[in-house]
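Heavy-atom basis, side chains included; hydrogens, waters and symmetry copies ignored. Fair warning: this is a prediction, and the values are worked out from it, not measured in the lab.
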Amino acid sequence: MNDYVPFQTPNLVWDYTIAIYLFLLGIASGTTILAVLYKRSRKLEKPSENWLIRSTAVLAPGSVTLGLLILIFHLTKPWTFWYLMFNYQFNSIMSMGVMMFQVYMAVIFLWLAIIFKDLIACLINRFVPKLGFVVKWLGIAEKFINPIELFLLFLAVVLGAYTGFLLSALVSYPMLNNPVLPILFLVSGASSGVAALLIAILTVGKLSTHSDEVHFLHKIETPTVLVEMVVLFCFFVGLYYGGGAKTLSAVNALTGFWGTIFWVCIVGIGLIFPFLTNQLANDKLKHSKGFIIALASCGLFGILCLRLFILYAGQMTIAG
């Protein structure tokens, strides 16, 4: 049943490149959701000086850009990708995804431009004063910050769910053609956002572990991990009791090489270890910078393994 070579399953359509791409999109989705929620809940007077917002300004658009670049150069003919940028096919989930990325990138850059308006104004006045009208436009756009943020929040949620919809389009594979997959990827993307932001604000921002930003992320972290565990459980229970090829796909995925990856790397290192360690650690350890970064790194590692696992294990079994 598990007579196969890992990473070289006979029916392989998409490889590890797609898994990395999905992982990066999950980080973009998660960090954007968290940054918008934080800004709105804290009513920041100067959001441009907040390290959670600053980190998101790099991580969110940076992750999407890096993911798309990896995808482009993985294609047999990379330059043909640009046709997708302008020729939309409404019956293609890949084409619709490209359209969504373009809207998401436009809105997040607008949101960030409004937040960093003073910095942009300073740079324009110093280097290209002829572009002074841009600052005026940003001033007008700032009046609509509330609907812009709500729309960005919506796009970030859609981006996180899209990573699951993209795989579920492979209808021949019962494990991937699963309605729970978009929810699983959305929730795990939020988890990756928490982990990435914790690492960024503690290492680059050098914030205190007692800071409001760390407290906010910790408050989100535990329920997100619990929801992720429940969704992952529902995913496999539904698959196992689905009968036929669905049951076979669950058995194939949870045993052998990819079964080991699932139980050790995803469940053990990515979920159970950080969760239990957080619950059992004393206050001094919980507020140790190294401790928080180590657990966040475990979480990110587990989520990357989850993407690889879903992609490869999901392509081992074809519907009869």
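For the pair K289 and L207, the tightest heavy-atom approach, listed with the atom from each and the gap, is NZ-O, 3.4 Å. The two atoms that bring S188 and R307 nearest to each other are OG-NH1, 2.8 Å, heavy atoms only. The shortest heavy-atom contact between T56 and P61 is O-CD, 3.5 Å. Here the closest heavy-atom approach between residue C305 and residue C265 is recorded as SG-CB, 3.7 Å. Minimum heavy-atom separation, S55 to A200: OG-CB, 3.6 Å. Listed here is the closest heavy atom pair of A190 and T224: CB-CG2, 4.0 Å.
Listed by chain and number, the residues in a ring pair (Phe, Tyr, Trp, His ring centres under 6.0 Å) with F262 are F236, F309 (sequence neighbours excluded).
Between the side chain of Q315 and the main chain of V13, a donor-acceptor pair closer than 3.5 Å is present.
Cluster annotation: F101 and I70 are assigned to the same hydrophobic cluster (Ile/Leu/Val/Met/Phe/Trp/Tyr, side-chain heavy-atom contacts under 4.5 Å, transitive). In the hydrophobic cluster analysis, where Ile, Leu, Val, Met, Phe, Trp and Tyr join through side-chain heavy atoms closer than 4.5 angstrom, V158 is grouped apart from L150. L34 and V58 fall into different hydrophobic clusters, defined by Ile, Leu, Val, Met, Phe, Trp and Tyr side-chain heavy atoms under 4.5 Å apart, directly or through other members. W263 and F275 fall within a single hydrophobic cluster, where Ile, Leu, Val, Met, Phe, Trp and Tyr are joined by side-chain heavy atoms under 4.5 Å apart, directly or via other members. Following chains of ILVMFWY side-chain contacts shorter than 4.5 Å, one can reach L152 starting from F154, so the two form part of one hydrophobic cluster.
You'll find the side chain of L167 reaches within 4.5 Å of the side chain of L22, heavy atoms only. For the pair N50/K39, no side-chain contact is recorded, criterion being any heavy-atom separation below 4.5 Å from C-beta on. The shortest side-chain heavy-atom distance between F216 and R42 falls under the 4.5 Å cut-off. When side chains are defined from C-beta on, S48 does not count as touching L119, because their heavy atoms never get closer than 4.5 Å. A heavy-atom distance below 4.5 Å is found between the side chains of L186 and S29. Counting heavy atoms from C-beta on, the side chains of F109 and M105 come closer than 4.5 Å. The closest side-chain heavy-atom distance from Y173 to I318 is below 4.5 Å. The shortest distance between side-chain heavy atoms of V180 and L232 does not fall below 4.5 Å.
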*Before giving the answer on side chain to side chain contact (heavy atoms under 4.5 Å, CB included), spell out for L153 and I33 the whole-Å C-alpha distance, their side-chain angles and the decisive distance to 0.1 Å.*
CA-CA 6 Å; L153 192 59; I33 292 170; 4.1 Å; yes
*List the steps, then state whether side chain to side chain contact (heavy atoms under 4.5 Å, CB included) holds for L197 with E213.*
CA-CA 9 Å; L197 284 172; E213 291 88 339; over 6 Å; no
*Assess whether side chain to side chain contact (heavy atoms under 4.5 Å, CB included) is satisfied between V214 and W51, documenting all intermediate values.*
CA-CA 10 Å; V214 172; W51 270 102; over 6 Å; no
*Assess whether side-chain hydrogen bond (donor to acceptor under 3.5 Å, both in side chains) is satisfied between Y104 and T32, documenting all intermediate values.*
CA-CA 10 Å; Y104 165 80; T32 303; 2.7 Å; yes
*asked:* For a side chain to side chain contact (heavy atoms under 4.5 Å, CB included) check, start with the C-alpha distance between S288 and T209, then their side-chain angles and the critical distance, and finish with the verdict.
replied: CA-CA 7 Å; S288 163; T209 55; over 6 Å; no
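Residues H287 and H210 bring their aromatic ring centres within 6.0 Å. Not less than 6.0 angstrom separates the ring centroid of F185 from the ring centroid of F165.
The structure places CD1 of I114 at 10.0 Å from CH2 of W111, a figure rounded to the nearest 0.5 Å. A distance of 10.5 Å separates OG1 of T260 from CH2 of W258, quoted to the nearest 0.5 Å. Rounded to the nearest 0.5 Å, atoms CG (L280) and NZ (K286) are 8.5 Å apart. In this structure, CG on L25 lies 9.5 Å from CD1 on I18, to the nearest 0.5 angstrom. The OH atom of Y38 sits 3.5 Å away from atom CG of D212, with the distance rounded to the nearest 0.5 Å. Remark: F301 CZ to I269 CD1 distance equals 5.0 Å, nearest 0.5 Å.
Among the candidates T163, L308, I303, the single residue satisfying the side-chain contact (heavy atoms from CB on, under 4.5 Å) test with F23 is I303. Of the candidates T317, L170, I310, I310 is the only one forming a side-chain contact (heavy atoms from CB on, under 4.5 Å) with M175.
Y240 OH: 12 or fewer foreign heavy atoms inside a 6.0 Å radius. Counting heavy-atom neighbours within 6.0 Å of Q279 CD, excluding the residue itself, gives a total above 12. Annotation: F273, atom CZ; neighbour count of heavy atoms from other residues, nucleotides and ligands within 6.0 Å does not exceed 12.
Classification of the W137-F133 ring pair by plane angle, with boundaries at 30° and 60°, yields perpendicular.
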